[in-house]
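One structure below.
Protein chains get the first letters and strands the later ones, always in sequence-line order, with residue 1 at the start of each.
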Amino acid sequence: MFETDKTQHKDNDSNIDEWSDADEDELAKIDFFDNGCELSKFSLECDKLLSAEGTPLQRYRPKYLIVSDFVQQYWCEQQLLYRLSPEAYLLNVSPGVDVSIEESAESKEVKERGSDVHLARELEIQVPVEVEVITKEDAWAVKFLNIQTMILAFTKGHRVAREVPVFGVPFGSGFFVYGIIDELQYNPDLHTVEILELKTRKSCYPPRKSQQDKDAFQVGLYAEMFNDLVRGMVTREMVENHLKLTLDTPLSGGIQRHIHQQNKKVKMKIFTCGDILDMVLSQMQSFTCITKGTVEYVHQESRKQISTFPMTLDQEKLRSLFLKQCEWWRGERGTVGVDVEDCWKCSYCQFAPFCEWRAVKAAESKH
DNA sequence: ATTGCTCAACGG
Ligand code: SF4
């Protein structure tokens with residue numbers, strides 16, 4: 001009885017907590033449901049744009065994806081698309097209407113403070129070295145060398161490494177993925193490795209469940225990729241074919257010098273990107289698989305810990321989530337925005353005013 | 001073959 005009141009409620013507040021506050025005129029203009037309310041695979045205008053111009057993979061990630069792509073997608077696939085393709089968002093905006101696609105200054109500020117904290121933490125334990133990079137092989141060799149630095153640190157007795165790259169082709173997806181793990185912790189007695197993912201927050205309270213889920217997903221994906229390297233499931237050919245690298249040409253002088261400087265014992269030899277890759281692929285196999293991780297939330301202002309929670313790797317759950325995400329990248333299904341219970345996310349989103357997903361959900365809720 | 005092709009994560 002009281003519920004009917006709720007559905008009629010129009011929220012013109014700046015606070016977005018329901019679908020129904022979208023602009024009435026915009027809703028009238030967009031008529032997706034001519035043929036009833038069944039959710040067809042590509043009913044959104046943005047999906048039609050995608051199918052006309054190529055899959056997200058071809059268009060935006062022809063060689064490799066980054067872990068952050070999947071993490072953003074986990075948060076909201078529609079928002080990911082709008083970030084990749086502002087034109088997909090502008091489809092919903094009538095010509096002449098002035099609209100911003102910039103993130104708010106506040107949100108930029110919060111992200112910057114997060115970056116600052118992470119940078120400071122990295123500098124606490126490792127010294128950055130500048131290396132001249134000329135070719136893309138050089139650039140990838142540096143990434144591989146950063147993995148080797150972690151391996152060396154752990155064999156020297158260090159227990160913590162930060163900003164450690166991982167790469168691979170998770171779950172046989174056929175997608176090459178690259179990411180950087182915030183922190184790895186090594187226990188030399190048990191010979192185990194765990195992930196610590198630090199998240200800084202403006203708020204001094206723990207985030208909502210779906211945000212924690214997203215962070216657990218991120219840690220899970222890192223763990224899975226690390227483990228694939230440990231299991232020897234990442235091959236030289238995968239790197240070569242996906243990244244289109246020529247692995248057998250010598251790296252440029254700056255990197256050669258760096259390698260010899262780093263390890264004086266290494267014999268005078270000209271290294272190729274493939275040499276570095278082979279070493280890393282082989283050395284990674286001496287680790288054990290990661291089974292656990294921790295997500296830690298820290299208040300930006302006070303730097304005090306807010307909360308932590310453990311992540312136990314659930315490979316099957318992760319697999320099905322990940323492969324579902326891959327379908328979107330391949331253009332096998334349409335874009336899906338946030339669930340009703342997660343529509344609070346829209347209040348933080350720069351695309352809320354003309355978001356197609358929101359408009360459709362608002363229209364649906366009026367049946 | 002004019003011919004290239006990505007710093008990731010950052011927080012909500
Ligand atoms: S407004 Fe909501 S549904 Fe639309 S992109 Fe932003 S978060 Fe996703």
Side-chain angles (χ1 to χ4, degrees), chain A residues 15-17 54 56-76 78-80 82-85 103-122 128 130-133 135-147 162-167 175-183 195-215 217-219 221-222 225 242-245 295-301 306 329 337-338 341-352 355:
Chain A
N15 187 14
I16 301 173
D17 55 2
L57 195 69
Q58 301 168 319
R59 284 187 47 144
Y60 309 111
R61 297 292 185 263
K63 283 188 183 161
Y64 68 99
L65 292 109
I66 58 177
V67 169
S68 303
D69 288 331
F70 291 99
V71 175
Q72 273 195 67
Q73 187 178 10
Y74 191 100
W75 180 259
C76 177
Q78 178 73 86
Q79 187 194 61
L80 170 69
Y82 288 155
R83 284 182 176 178
L84 290 171
S85 167
E103 273 184 275
S104 70
E106 300 79 52
S107 139
K108 281 182 182 165
E109 157 93 25
V110 175
K111 279 165 134 177
E112 265 169 42
R113 298 194 63 167
S115 301
D116 291 346
V117 171
H118 278 91
L119 181 61
R121 272 167 48 90
E122 192 197 352
E130 256 192 60
V131 183
E132 190 193 29
V133 165
T135 64
K136 57 181 190 295
E137 285 75 17
D138 292 346
W140 281 97
V142 167
K143 291 167 173 147
F144 303 146
L145 284 168
N146 283 334
I147 300 179
R162 291 187 177 141
E163 306 287 311
V164 182
V166 278
F167 59 93
F175 294 172
F176 194 92
V177 184
Y178 175 73
I180 296 179
I181 302 176
D182 186 36
E183 179 173 321
I195 296 176
L196 176 74
E197 178 64 42
L198 182 93
K199 296 289 181 201
T200 74
R201 287 174 60 70
K202 185 183 170 64
S203 157
C204 59
Y205 299 106
R208 302 167 103 123
K209 176 70 164 53
S210 50
Q211 186 161 348
Q212 297 190 27
D213 289 348
K214 180 214 67 175
D215 296 331
F217 172 77
Q218 182 179 3
V219 174
L221 190 51
Y222 286 143
M225 293 172 61
H242 285 93
L243 303 179
K244 315 267 185 253
L245 298 179
V295 178
E296 176 182 6
Y297 297 103
V298 169
H299 185 219
Q300 289 186 339
E301 182 86 62
I306 299 166
W329 286 97
V338 298
E341 59 267 31
D342 278 338
C343 67
W344 59 271
K345 288 177 178 173
C346 306
S347 64
Y348 295 96
C349 176
Q350 76 259 47
F351 305 113
C355 171

Please output the side-chain donor-acceptor pairs of residues 109-117 of chain A that fall under 3.5 Å, not counting sequence neighbours, one pair per line with the distance.
from	atom 1	to	atom 2	distance (Å)
A/K111	NZ	A/E103	OE1	2.8
A/K111	NZ	A/E103	OE2	3.1
A/S115	OG	A/K111	O	3.2

Using a 4.0 Å cut-off on protein heavy atoms (strictly under), produce a 5'-to-3' string for nucleotides 7-12 of chain B with B for base contact, S for backbone-only sugar-phosphate contact, and - for none.
-SBBBB
For A/R61, give me all partners under salt bridge (Lys or Arg N to Asp or Glu O under 4.0 Å), at least two apart in sequence or on another chain.
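With neighbours one apart ignored, the set is A/D69.
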Applying salt bridge (Lys or Arg N to Asp or Glu O under 4.0 Å) to A/K108 and not counting sequence neighbours gives A/E102
If you measure from the C1' atom in B/dC5 to the same atom in B/dA1, how many Å do you get, rounded?
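That atom pair is separated by 15 Å.
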Between B/dC7 and B/dT3 - C1' atom distance, rounded Å:
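Going atom to atom, C1' in each nucleotide, I get 23 Å.
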Residues two or more places apart in sequence or in another chain: which of them pass side chain to side chain contact (heavy atoms under 4.5 Å, CB included) with A/Q72?
A/L80, A/R83
Kindly write out the residues that satisfy side chain to side chain contact (heavy atoms under 4.5 Å, CB included) with A/C355, not counting sequence neighbours, or none if the list is empty.
A/Q78, A/Y82, A/W357, A/R358
Report the residues that fulfil ring-ring contact (aromatic ring centres under 6.0 Å, His included) with A/H242, sequence neighbours left out, ordered by chain and then residue number.
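Checked A/H242 against ring-ring contact (aromatic ring centres under 6.0 Å, His included); matches are A/F176.
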With sequence neighbours excluded, tell me which residues meet ring-ring contact (aromatic ring centres under 6.0 Å, His included) with A/W140.
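Per chain and number, A/W140 pairs via ring-ring contact (aromatic ring centres under 6.0 Å, His included) with A/Y64, A/Y178.
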Taken to the nearest whole Å, CG/A/L57 to C1'/B/dT6 is 13 Å
All N/O contacts under 3.5 Å from nucleotides 2-5 of chain B to the protein, with atom names and distances to one decimal?
none

A/M225 and A/G179: which non-hydrogen atoms are nearest, and at how many Å?
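What the structure gives for the nearest pair is CE-N, 4.4 Å.
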